[in-house]
Amino acid sequence: MTINEIQDSIIEEFSIFDDWMDRYSYLIELGNELPPIDQKFKTDEYLINGCQSKVWLNAEYENGIISYTAEGDAVIVKGIVALLVKVLNNQKASEVMNVDLYFIDKIGLKENLSPTRSNGLLSMAKKMKLYALAYYTKHKEK
Amino acid sequence: MTINEIQDSIIEEFSIFDDWMDRYSYLIELGNELPPIDQKFKTDEYLINGCQSKVWLNAEYENGIISYTAEGDAVIVKGIVALLVKVLNNQKASEVMNVDLYFIDKIGLKENLSPTRSNGLLSMAKKMKLYALAYYTKHKEK
Amino acid sequence: MVDIDLQKIREDFPILNQKVYNKPLVYFDNGATTQKPRAVIEKINEIHSLTNSSTHRGVHYLSGLMTEEYEASREKIRAFINAKDKSEIIYTSGTTASINLLAFSFGEKYISEGDEIIISEMEHHSNIVPWQLLCERKKASIKVTPFDENGDLLIDEYKNLFTEKTRIVSIAHTSNTLGTVNPIKEIIDIAHSHNVPVLLDGAQAIQHEKIDVQELDVDFYVFSAHKIYGPTGIGILYGKQKWLEEMPPWQGGGNMVKNVSFNKTTYNNLPYKFEAGTPNYVGAVGLTKALEYIENIGIENIRTYENKLLHYSTQELKKIEGLRIFGNSKNKISVQIFNIDSVHPYDTAMILDKLGIAVRTGSHCAQPVMDHFGIDSTIRASMVFYNSFEEIDMLVEGIKKAQLMLQ
Amino acid sequence: MVDIDLQKIREDFPILNQKVYNKPLVYFDNGATTQKPRAVIEKINEIHSLTNSSTHRGVHYLSGLMTEEYEASREKIRAFINAKDKSEIIYTSGTTASINLLAFSFGEKYISEGDEIIISEMEHHSNIVPWQLLCERKKASIKVTPFDENGDLLIDEYKNLFTEKTRIVSIAHTSNTLGTVNPIKEIIDIAHSHNVPVLLDGAQAIQHEKIDVQELDVDFYVFSAHKIYGPTGIGILYGKQKWLEEMPPWQGGGNMVKNVSFNKTTYNNLPYKFEAGTPNYVGAVGLTKALEYIENIGIENIRTYENKLLHYSTQELKKIEGLRIFGNSKNKISVQIFNIDSVHPYDTAMILDKLGIAVRTGSHCAQPVMDHFGIDSTIRASMVFYNSFEEIDMLVEGIKKAQLMLQ
Ligand SMILES: Cc1ncc(COP(=O)(O)O)c(C=O)c1O
Ligand SMILES: Cc1ncc(COP(=O)(O)O)c(C=O)c1O
């Protein structure tokens, strides 16, 4: 699936949720399902700033495709990062680096997070795009 | 004249003044007439705290009677201290130290001075009474 | 003794009567900052609309008025803590600034290489880091009084920390995490028996009980206005005159000087020697209004009521399975830090937030306390006299709901 | 360019529409502190009534909201002075605190025995005493750039003050007495040619003209909110990142740390490294509202109009016999310090006060300027964009009246 197809399917999924409880429950589920990150990435270097609990993120690159692993110590936050991974994992770096993540607004997550937390969400998205940009630039140069 | 007789006569004098201009003019006049203090008292030691311009005050004591000399570098302030000197000069220290200076309220001076300045006025009065108390105590002990 | 008229009180605090996410706000983050009664809000408004003017400077009417109010505030604060003289009341920008002032100024005068400072394991970072900075500069060192599993200081260990190198003791009157109200009289007496002065960090104490600095014979006492229902950006350092007279200034600038020349500058009298620059006179007067408000309710009434909140919340929280309260001193203010088995405090707090319940998570600027228990963070619910028993019920319900969702 | 709509503006400032002693208030003490527009007053009200909560700490809705507003304010301030990055904007409690922060922290890192600091003869005490305190501690010394009879700095003399021991230049952007707007670009370029950084004290400049710290290439810039129509208790230190990164913290406490333990404490990133304790977030957001207000009127419009006030007041004051204006630079803000032959300034000011006219007397925290002219004190009338030509006429009339009474 393309990034936008995934975004659209998430929007559809969320559209049946009536309230924040459903959304949070879903995020908790996603969070619990997120495969753990390799222990060696659980260091300060891989921490995302701007989150109020710990979130570690790593990205790998092969043949133009970027893949992410992530983990968080709080499960709802982990669910949020899992959502982002779901959308951006195994996509072309060239697309990820410029992607418009319109699903965030559409699924009511931003309003559902207090401003500092939606900052956390935005920091994660930003970091993921930055990884894509960095890999893309590095490999183009070669 | 007793202290209270002088206070009453000042109250009468001020009663004919319509506004602050008259009062200030009178104070300026008093200020200009105040005999200068001996040069040797124009030191920090004789300065009164709480005044926003400089006021020097000295007191002498003889046979239970206290006398004051004072000076200020601003003339209205000098007028105010002159008024106090007028009331308290050459009176019995024993009376000065406990005196009720009711004339201050009655002549509208306090309302006519902004709060910090009426503080200056009160500091002067306080200092004069303190001198009286100090001399009185000292000489009683002997 | 009359009790608290909660309904009336809650009307005094406009912010409490609102909804967040369509739920009535339950504000349990009072340890971080307290809300402001109408009297404070309106006074600030009035100053800005009618009397605002720089203090101690102008000869004009407004300036005179503001100066009077500013100095009357100082007198009010003096009376509130029963200091001997109003020159012992120094305005700062908050508790943190007060401690930094003291650490610098006391340090310059009395601390040299090899000297020792006694603090405790339950201090807020603001009562640790200023001393660490000082110690780095002066090559002095910090000795730490530990606490036991209930959160009580080990006074015997404290006694043993004193040497002939001890120069000052700086300890929280009340802990912002454990809630422990320390045995300050004992702490002071022991220090004084070694001729060592004591600073009490009153940031979490002044709003909960009557302070009498003379009766305590405490050398320095500090607090923040914003934690006692007053404005941000203003705090107090109380110091005994004999110390303050001897200590050098911290900040230089307008107001703290008598005479300035490039050859020789002389400093102003107390308290001005320690107050450089245009003061936060709006904050100072706002603080006074807050103190008056407190006095009208009666600090003893507040204490009694908050004690009930403490006991009720302890009882109810303990009923929750897997919930552990840290800090169980017999002498405690109405604050609870706790965690729930196998649930991250941040998750619980996120769900509580959605229910309109404001708690804090994290290390609460007291990492050594977290380290003591081998944890990273906790939830903190800090309750004051405008909180209700029903709100505690809502917290408990919320926690259970979160537990259901998360476990 | 549109002109100032004075009537509308005066309605924005509630305090201006009042009488003192039954006379309309003429507020000419703007150099000490400025009045607050409704937008600032109402924002503070709104925070206290609706959103007040400690920033950077709670996970709950209100705390998130306040944190957002607080950081948006920092971004606003960054944009206002065109700093490169918002981490270069440090909140302090005012200009005086900003300079003390810098003097301490820069001093700890870069100043040692024998080093030199260049200031000027027209500095405010807040830009003298912090350096004197530093010099005392570090055995460094201060070199003073003099000014001429017009109140202009002697740039040639300034150039000659540099030695290989010069570590920093700290000079007023604009003098609070003489009104001189110093040739800052030249001052900075000369210093930089010696690899010496420059601090500009912008307390009397930021409210009168557009500042672009990148274009100026200035290393540090400081100002107070209360002098630019914002609240008391809040100010700014701008610093280039490269300096701020290297400099050690000044105050220790909550928020400025990453990790605290008794063995090792690490500090937070910029700007937080320099912001210890609960910030004055109400003040910060209030400041932003003031900056927005200024921008709506247009700082260029303000400057043009204030220039007219300057020229008109110069012309009219000079007509008064025996009146001498100190400070006659061609490059000057709308402030006048002056005395009248054989009349004490305090007497004049007392009479002006009764006429509802608020001026300041004294040395204006700039004793070296007084010493330059061999006087103790002056009257100061400082005018801003909400003042009118009629008010200047009233001042002139008032002075004449005082002269009549006093001479
Ligand atoms: C030029 C100058 N520098 C510094 C200051 C000090 O500012 P504040 O008193 O707000 O700290 C002032 C004003 O008082 C000033 O005019
Ligand atoms: C015990 C204690 N000390 C010091 C502080 C610091 O106070 P402030 O942040 O107001 O400077 C706090 C609160 O944050 C506290 O709870």
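Any value given below was found using the heavy atoms of this structure, including those in side chains, with hydrogens, waters and symmetry copies removed. Residue numbers begin at 1 in each chain, while the letters A, B, ... track the order of the sequences.
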Kindly give the heavy-atom pair with the smallest separation between C:Q367 and D:K258, and that separation in Å. NE2-O, 3.3 Å
Give the minimum heavy-atom separation between D:G254 and C:C365, together with the two atoms involved. CA-SG, 3.9 Å
Would you mind checking which part of [X] comes under 4.5 Å of any heavy atom in chain D, side chain (CB onward), backbone (N, CA, C, O), both or neither?
X: C:L133; answer: side chain
X: C:S224; answer: neither
X: C:E46; answer: neither
X: C:V144; answer: side chain
X: C:L25; answer: side chain
X: C:M370; answer: neither
X: C:Q18; answer: side chain
X: C:R137; answer: side chain
X: C:S93; answer: side chain
X: C:Q251; answer: both
X: C:E42; answer: neither
X: C:I119; answer: side chain
X: C:A366; answer: neither
X: C:V260; answer: both

Toward chain C, the part of [X] with a non-hydrogen atom under 4.5 Å:
X: D:L134; result: neither
X: D:L62; result: side chain
X: D:E123; result: neither
X: D:R380; result: neither
X: D:V282; result: both
X: D:Y281; result: both
X: D:W250; result: both

So which of [options] has the biggest tally of heavy-atom pairs under 4.5 Å with chain C?
options: D:G94, D:G362, D:P249, D:A97; value: D:A97
options: D:I128, D:N17, D:I99; value: D:I128
options: D:Y27, D:F13, D:Y267, D:F104; value: D:F104

Mind checking side-chain hydrogen bond (donor to acceptor under 3.5 Å, both in side chains) for C:D201 and listing every partner two or more places apart, or none if nothing turns up? none
Set of residues satisfying side-chain hydrogen bond (donor to acceptor under 3.5 Å, both in side chains) with respect to D:H364, sequence neighbours excluded: D:T378
In Å, rounded to the nearest 0.5 Å, how long is the span from [atom1] of [X] to [atom2] of [Y]?
X: D:N280; Y: C:T232; atom1: CG; atom2: OG1; result: 3.5 Å
X: D:S141; Y: C:F262; atom1: OG; atom2: CZ; result: 13.0 Å
X: C:H125; Y: D:N259; atom1: NE2; atom2: CG; result: 8.5 Å

